[in-house]
Amino acid sequence: MEPMENVVILDHPLLKHKISRLRDKHTGTNEFRTLVSEIAALEGYEALRDLPLEDVEVETPIETCMTPMIAGKKLAIVPILRAGLGMVDGLLTLVPTAKVGHIGLYRDPVTHEPHEYYCKLPSPIELRTIVVVDPMLATGGSGVAAVDFIKAHGGKKIKFMCIIAAPEGVKRLHEAHPDVQIYIGNLDRELNENAYICPGLGDAGDRIFGTK
Ligand code: PRP
Ligand code: URA
């Protein structure tokens, strides 16, 4: 895939190692959940590099100084249900005061197009940096729909963080929303005829929640 502005493929070795553990079909639900959370924290560390800072006055035991702290309204983390829920805790370890919204989408098993069933976002959404999280960016339908909803509710500064992406999904999300910064743990080869990512990790929601 050609490099694209606002698309970042992360390359930290710890991240790559943990993603490989996720792929293994022998990795059970408990370890899978832990890994998803750890990966979200590693990705979040990179994705939040550009959070704005402002100098505030702090009294140390020695003297008073001006020192930087995160500025502005609290971050909004928005998981796409269900599988995105698995990434929330990891991000909250970095930003415990973040607000959490939810967008419920499921892919139609035949058309693979997303259907919305829930949307609740923290207000005022237009003033927050928003991190949409979903482990899988496959066709990109869910990602595009989620960003459409958030923009329709007034969201402006939006980042999208996934663990595994297919080139088709990255292209679709980037073309629909070129202003959205996309952070990817690993770019996989392609989609299969059922719109699953290859080699991928299977159905992320089922593996996180132990359903089938
Ligand atoms: C999965 C995944 C994404 C979506 C990605 O969710 O968690 O939301 O598919 O596919 P796309 O890029 O082709 O839209 P799914 O619809 O299976 O729902 P679930 O999380 O409830 O299992
Ligand atoms: N959703 C998943 O959970 N896995 C895929 O490979 C594609 C979509």
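Just so we're clear, the structure is a prediction, and the values are computed from it rather than from any experiment. FYI, side chains are in, hydrogens and waters are out, and symmetry mates aren't considered; it's all heavy atoms of this structure. Remember, it's 1-based here, ligands and their atoms both numbered in the order they're listed.
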Quick check for you: to the nearest 0.5 Å, what is the distance between [X] atom [atom1] and [Y] atom [atom2]?
X	Y	atom1	atom2	value
Asn6	His177	CG	NE2	13.0 Å
Arg23	Ile163	CZ	CD1	10.5 Å
Leu201	Ile164	CG	CD1	4.0 Å
Lys74	Thr129	NZ	OG1	13.5 Å

Exercise. Centre of Tyr196's six-membered ring, under 6.0 Å away, within 45 degrees of the axis: is that where NZ or CZ of Arg107 sits?
Worked result: yes
For this session: Among His174, Lys151, Lys156, Lys157, find the residue that satisfies the side-chain hydrogen bond (donor to acceptor under 3.5 Å, both in side chains) test when tested with Asp179.
Result: Lys151
Exercise. Is it the case that more than 12 heavy atoms not belonging to Met69 sit under 6.0 Å from its CE atom?
Worked result: no
Exercise. Got more than 12 heavy atoms from elsewhere within 6.0 Å of CG, Asn194?
Worked result: yes
Exercise. Are Leu191 and Tyr106 co-members of a hydrophobic cluster defined by side-chain heavy atoms under 4.5 Å apart?
Worked result: yes
Dump the pairs for me: ligand 1 N or O, protein N or O, distance under 3.5 Å, to 0.1 Å.
from	atom 1	to	atom 2	distance (Å)
ligand 1	7 (O)	Asp134	OD1	2.9
ligand 1	8 (O)	Asp134	OD2	2.4
ligand 1	10 (O)	Arg107	NH1	3.4
ligand 1	12 (O)	Ala138	N	2.8
ligand 1	12 (O)	Thr139	N	3.1
ligand 1	12 (O)	Gly140	N	2.9
ligand 1	13 (O)	Arg107	NH1	2.6
ligand 1	13 (O)	Thr139	N	2.8
ligand 1	13 (O)	Thr139	OG1	2.5
ligand 1	14 (O)	Ser142	N	2.9
ligand 1	14 (O)	Ser142	OG	2.6
ligand 1	16 (O)	Arg107	N	2.9
ligand 1	20 (O)	Arg82	N	3.0
ligand 1	20 (O)	Ala83	N	3.1
ligand 1	21 (O)	Arg82	N	3.3
ligand 1	21 (O)	Arg82	NE	3.1
ligand 1	22 (O)	Arg82	NE	3.4
ligand 1	22 (O)	Arg82	NH2	3.0

Sub-3.5 Å pairs, protein N or O with ligand 2 N or O:
from	atom 1	to	atom 2	distance (Å)
ligand 2	3 (O)	Ala204	N	2.8
ligand 2	4 (N)	Gly202	O	2.8
ligand 2	6 (O)	Ile197	N	2.8

